[in-house]
2 protein chains.
Amino acid sequence: MSAAAPHPVERLAEEDTLSLAERAYRRLRDAIVQGTLASGSRVSERSLAQALGISAQPVREALRRLEQDGMVITLPRRGTVVAEFGPARQAEMGRIRAALEGAAAALAAERADAAALAALATQLAAMRAATEAGRPERVSEANERFHALIHAATDNVFLIRSLAALRAYDHFGRVRALNATPEELPRALAEHAGILAALQARDPETAEARMRAHVLRSLEVGGLLPHGLKTQGLKTPGPKTRTPPV
Amino acid sequence: MSAAAPHPVERLAEEDTLSLAERAYRRLRDAIVQGTLASGSRVSERSLAQALGISAQPVREALRRLEQDGMVITLPRRGTVVAEFGPARQAEMGRIRAALEGAAAALAAERADAAALAALATQLAAMRAATEAGRPERVSEANERFHALIHAATDNVFLIRSLAALRAYDHFGRVRALNATPEELPRALAEHAGILAALQARDPETAEARMRAHVLRSLEVGGLLPHGLKTQGLKTPGPKTRTPPV
DNA sequence: TCCTGCCATCTGCTATGGCAGAGGCCATGA
DNA sequence: TCATGGCCTCTGCCATAGCAGATGGCAGGA
């Protein structure tokens, strides 16, 4: 169970100051999304506690959070098992994430302050540089940070926590999507630019529509959604609302 | 702290079989939304445990869930405080809920089976009967059940749990909205009928759009959103009123 | 008066132990 | 052979106790 933490943004917080429960949560979550803990595996508080070298109490707390995330299912007095984790599940979590990311973008468009917008611009520049340099892994990092900054700009704990959990689901799917085709990197970059422009323009509707379309399209590229699915439920950026360069 | 449970659907599960942590969670949540536990109140595991007559462990578990819901804020080793809970917060939670309810409706349109659709039709009939009889409280109950059935039809634990938490936020706001004007009851009924029709037609897009509009409009009636079109015309309350807790 | 360092006390956090429900196993009996 | 009931072990759940970080008050010294 030596799962390499796949979340660069969370790595910023030094491991030592985190509670045992938080560390157990991340390790278990990463193990699940990586497949180290296969679907259907029975996990008990005591066995995990022994494996992790800690007490059963923080393990229990971690399992409760994972249950809220839908990653494990626990039947009272009977046991806890890892939930099924196929592509279908990931696809549906991705669609939920698209809805929530859209809501986050709308809120961010209303209340992001100058500092937040500046930080977003910084990450966008980093993403552009990494794209031109042909460094997908750096693009991925900047991508995660860009979205995390938008979440933080909403100043809404529920959104931040929910989206963190949802993004954990297909983190590797996004990495795979960015490496799918050569034109994927510049396209993702352009979409980010369009989103930031909507945020700067204080346009919640456009920000939400663009963010939602961006997430859904990246899901398609990652192979989690059939191509050409309905993104037209929302108004997609038409020729009029074309994303201006930068 | 004798908070009357405002959630009729959750009342169905008998109190005795529930875990102490679950009961503590519901009691605290209801106390917060009712205002019995005012925003800014300091709540500690030990004091709440003594007040509830149980150990500190289940209380801690309840507080962790409330923290995920954004209802309390806990600073490590320092304390736990009830989060601010003004109309602005409720409005933003309502908008998030609109997005998630829309996603739930879309999923339900794809995978609701005949039994689920029949149950929805039953609740719709009950809502119609209660509307014609002029019984707002019964309309409210049928309303909650209708939405809960859609959530259940998604078969997605994350959605079900998240929406349960979000709906707790403005439960009383919805009750107030239903009693706002005489024409509100039949309008909500008509909207529900339209949503069910979209579900029966297996039309995710329409279901999502109608559900989203339905939630947003009910928020407006409840006074949580300014009247107007959708998310349009939202007055930005200024950049990020960050209030450092305590 | 102001600063400084100690200490009592609060908090969340973790470890440990035990309780009760839920199956599984196996001897017993028909 | 098959049903049955007692036991045994597993599980999640809860209570208790103690630890460590954070805070505030207060005495003592400049």
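So you know, we letter chains A, B, ... as the sequences are listed, proteins then strands, and number each from 1.
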Considering only nitrogen or oxygen atoms on both sides, find all protein atoms under 3.5 Å from nucleotides 15-17 of chain C and state each distance.
residue, atom, partner, partner atom, Å
C:dA15, OP2, A:Ser55, N, 2.6
C:dT16, O4, A:Gln57, OE1, 3.1

ask   = With the threshold set at 4.0 Å, does a side-chain nitrogen-carboxylate oxygen contact exist between A:Arg97 and A:Asp170?
value = yes

Students often get this wrong, so: under 4.0 angstrom with heavy atoms, is B:Val59 touching a base, only sugar-phosphate, or nothing?
nothing

The side chain to side chain donor-acceptor pair (under 3.5 Å) partners of A:Ser55 (sequence neighbours excluded) come to none

Sorted by chain and number, sequence neighbours left out, ring pair (Phe, Tyr, Trp, His ring centres under 6.0 Å) with A:Tyr25 holds for none

The answer to which of B:Gly79 and A:Glu61 contacts DNA chain C further toward the 5' end, by nearest nucleotide, is B:Gly79

By side chain to side chain donor-acceptor pair (under 3.5 Å), A:Ser47 pairs with (sequence neighbours left out) A:Ser44

### Message
Please verify the inter-ring angle class for A:His147 with A:His192; under 30° counts as parallel, over 60° as perpendicular, anything in between as tilted.
### Response
perpendicular

The correct set of residues in residues 64-75 of chain A placing a heavy atom under 4.0 Å from DNA chain C is none

The side-chain contact (heavy atoms from CB on, under 4.5 Å) partners of A:Arg138 (sequence neighbours excluded) come to A:Ala130, A:Arg135

What pairs of nitrogen or oxygen atoms, one from the protein and one from nucleotides 6-10 of chain C, lie under 3.5 Å apart?
none

Write down the protein N/O and nucleotide N/O pairs, taken from nucleotides 23-25 of chain C, whose separation is under 3.5 Å; answer none if there are no such pairs.
residue, atom, partner, partner atom, Å
C:dG23, OP1, A:Arg78, NE, 2.5
C:dG23, OP1, A:Arg78, NH1, 2.9
C:dG23, OP1, A:Arg78, NH2, 2.8

Rounded to 10°, the helix from C:dT1-D:dA30 to C:dA30-D:dT1 deviates from straight, judged by its five-pair end axes, by 0°

Sequence neighbours excluded, the answer for side chain to side chain donor-acceptor pair (under 3.5 Å) partners of A:Asn156 is B:Glu92

| task | Give a yes/no answer on whether the side chain of B:Thr80 brings an N or O atom under 4.0 Å of OP1 or OP2 in C:dG12. | result | yes

Rounded to whole Å, CD of B:Glu45 lies from C1' of D:dA17 at a distance of 14 Å

Here the distance between atom C1' of C:dG21 and atom CG of B:Leu18, to the nearest Å, is 15 Å

Check: Would you call B:Glu110-A:Arg95 a salt bridge at under 4.0 Å N-O?
Finding: yes

**OP:** Using a strict 4.0 Å threshold on nitrogen-to-oxygen distance, state whether A:Arg26 and A:Glu22 make a salt bridge.
**Re:** yes

Applying ring pair (Phe, Tyr, Trp, His ring centres under 6.0 Å) to B:His151 and not counting sequence neighbours gives none

A:Glu67 meets the side-chain contact (heavy atoms from CB on, under 4.5 Å) criterion, sequence neighbours left out, with A:Arg64, A:Val72, A:Thr74, B:Arg161

- [ ] Could you tell me whether A:Glu61 and A:Arg23 have a side-chain N and a carboxylate O separated by less than 4.0 Å?
- [x] no

